Amino acid sequence: MKTVNELLEHELQDLYSAETQALEAYPTLIESAQDQQLKKAFEMHMKQTQKQVERLEKACELMGCDPEGETCVGIQGLIEETENVLDEVEGEIADAALIGCAQKMEHYEIAAYGTARTLAQQAGMREIADLLEQTLNEEKETDAKLTKIAEGRVNKKAADSK
């Protein structure tokens with residue numbers, strides 16, 4: 001990569017890979033969640049993620065690139081970690097562990113969308129930057145919602161189950 005445009009294309013493809021991998025992982029998160037509020041949060045974010053994939057496809061179209069082409073090894077690793085955690089936890093701590101794993105994925109996406117948005121802004125690609133900003137805000141909202149669920153009920157329930 002020698003230009004900001006090439007770097008942005010790489011970032012968009014990496015995000016596309018991350019989001020499509022997340023879409024494949026969400027059914028397991030939904031099925032594994034015991035808390036109904038958490039289950040609903042995962043279901044809602046899965047629907048948001050589908051729209052986020054569409055935005056990435058639009059951003060790639062505007063750049064004239066294919067959204068496929070990269071494999072996001074960061075999210076791949078976080079999903080593998082989640083699968084390992086789910087194999088090890090049981091009872092009341094399972095939802096607390098799920099939230100922790102999901103937030104790790106959200107934080108990765110927040111960093112990646114922030115980077116891509118800033119690159120698009122600095123390259124004068126306002127429409128792409130706006131698409132990325134919209135998704136960045138959704139990722140931050142999801143993270144906050146997961147924190148609220150964790151602090152409001154799930155972590156207390158897990159701590160009380162000693």
Side-chain angles (χ1 to χ4, degrees), residues 8 10-59 67-68 70-121 128-162:
L8 179 57
H10 169 82
E11 292 296 323
L12 292 174
Q13 289 173 333
D14 192 70
L15 280 163
Y16 183 81
S17 173
E19 296 293 16
T20 56
Q21 289 181 64
L23 275 177
E24 291 176 17
Y26 268 107
T28 300
L29 297 178
I30 293 165
E31 183 181 316
S32 299
Q34 297 170 23
D35 182 87
Q36 289 305 305
Q37 192 177 6
L38 178 59
K39 192 178 285 280
K40 286 180 183 175
F42 285 153
E43 289 170 348
M44 187 183 109
H45 194 59
M46 187 169 121
K47 290 176 186 170
Q48 272 186 332
T49 301
Q50 291 167 332
K51 291 179 181 163
Q52 293 168 353
V53 166
E54 291 170 11
R55 279 189 217 116
L56 287 166
E57 290 169 345
K58 175 69 174 168
E68 296 183 10
E70 294 293 328
T71 299
C72 181
V73 295
I75 286 292
Q76 190 174 42
L78 291 171
I79 290 170
E80 287 175 20
E81 181 179 335
T82 300
E83 291 166 352
N84 291 339
V85 167
L86 287 174
D87 288 341
E88 295 175 17
V89 297
E90 53 189 56
E92 299 296 334
I93 67 162
D95 283 344
L98 270 175
I99 290 172
C101 290
Q103 285 191 292
K104 288 177 187 178
M105 290 172 51
E106 293 306 314
H107 293 181
Y108 179 93
E109 291 172 346
I110 289 166
Y113 276 105
T115 297
R117 185 242 9 236
T118 301
L119 288 171
Q121 286 172 337
I128 293 172
D130 289 347
L131 291 167
L132 297 169
E133 178 76 22
Q134 186 176 350
T135 299
L136 177 61
N137 290 335
E138 290 172 352
E139 300 294 6
K140 289 177 180 178
E141 289 167 10
T142 297
D143 180 53
K145 183 182 291 184
L146 290 172
T147 296
K148 185 177 179 181
I149 293 168
E151 292 175 347
R153 56 194 288 146
V154 169
N155 289 356
K156 177 158 179 33
K157 204 172 177 183
D160 290 346
S161 72
K162 301 176 194 175

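Just so we're clear, the structure is a prediction, and the values are computed from it rather than from any experiment.
- For T71, the side-chain hydrogen bond (donor to acceptor under 3.5 Å, both in side chains) criterion is met by no residue, not counting sequence neighbours.
- Under the 4.5 Å side-chain criterion, counting only non-hydrogen atoms from C-beta, I99 is not in contact with T147.
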* Go through L38 and L146 one step at a time and tell me if the side-chain contact (heavy atoms from CB on, under 4.5 Å) criterion holds. => CA-CA 8 Å; L38 178 59; L146 290 172; 3.7 Å; yes

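- Residues E57 and Y16 have side chains in contact (heavy-atom distance under 4.5 Å, counting atoms from C-beta outward).
- Between L15 and A112, the shortest heavy-atom distance links the atoms CD2-CB, 3.5 Å.
- When all heavy atoms of A59 and L131 are compared, the pair lying nearest together is N-CD1, 3.9 Å.
- Interatomic distance, CD1 of I93 versus CG of N155, reported as 11.0 Å (0.5 Å rounding).
- The stretch residues 93-112 participates, sequence neighbours left out, in these salt bridge (Lys or Arg N to Asp or Glu O under 4.0 Å) pairs: E81-K104.
- In terms of heavy atoms, V85 sits closest to A97 at CG1-CB, 3.6 Å.
- Here D35 pairs with R153 under the salt bridge (Lys or Arg N to Asp or Glu O under 4.0 Å) rule; sequence neighbours left out.
- Under the side-chain hydrogen bond (donor to acceptor under 3.5 Å, both in side chains) criterion, N84 pairs with no residue, sequence neighbours left out.
- Atom CG of L119 is separated from atom CG of L132 by 9.5 Å, given to the nearest 0.5 angstrom.
- Atom OH of Y26 and atom CD1 of I79 lie 9.0 Å apart (nearest 0.5 Å).
- The salt bridge (Lys or Arg N to Asp or Glu O under 4.0 Å) test applied to K156 returns D160, not counting sequence neighbours.
- Nearest heavy-atom pair across A116 and L8 is O-CD1, 3.5 Å.
- Identified under the salt bridge (Lys or Arg N to Asp or Glu O under 4.0 Å) test for residues 36-45, with sequence neighbours left out: none.
- The closest donor-acceptor contact from the side chain of Q13 to the backbone of E68 lies under 3.5 Å.
- With values rounded to the nearest 0.5 angstrom, D130 atom CG is found 10.5 Å from R117 atom CZ.
- Side-chain N or O atoms of S32 include none that pairs as donor or acceptor with a backbone N or O of L29 at under 3.5 Å.
- Sorted by first and then second residue, the ring pair (Phe, Tyr, Trp, His ring centres under 6.0 Å) pairs involving residues 73-103 (not counting sequence neighbours) form an empty list.
- Applying the side-chain hydrogen bond (donor to acceptor under 3.5 Å, both in side chains) rule to D14 yields the partners Y108; only residues at least two apart in sequence or on another chain are considered.
- Not counting sequence neighbours, the partners of Q48 by the side-chain hydrogen bond (donor to acceptor under 3.5 Å, both in side chains) test are H45, T142.
- Listed by chain and number, the residues in a side-chain contact (heavy atoms from CB on, under 4.5 Å) with A18 are C72, I75 (sequence neighbours excluded).
- With rounding to the nearest 0.5 angstrom, the CD1 atom of I110 is 10.0 Å from the CG atom of N137.
- No side-chain heavy atom of F42 sits less than 4.5 Å from a side-chain heavy atom of T28.
- Applying the salt bridge (Lys or Arg N to Asp or Glu O under 4.0 Å) criterion to E138, with sequence neighbours excluded, gives R55.
- Atoms CD1 and CE, on I30 and M44 in that order, are 12.0 Å from each other to the nearest 0.5 Å.
- Remark: E54 engages no residue in a salt bridge (Lys or Arg N to Asp or Glu O under 4.0 Å) (not counting sequence neighbours).
- A donor-acceptor pair shorter than 3.5 Å cannot be found between the side chains of T135 and E139.
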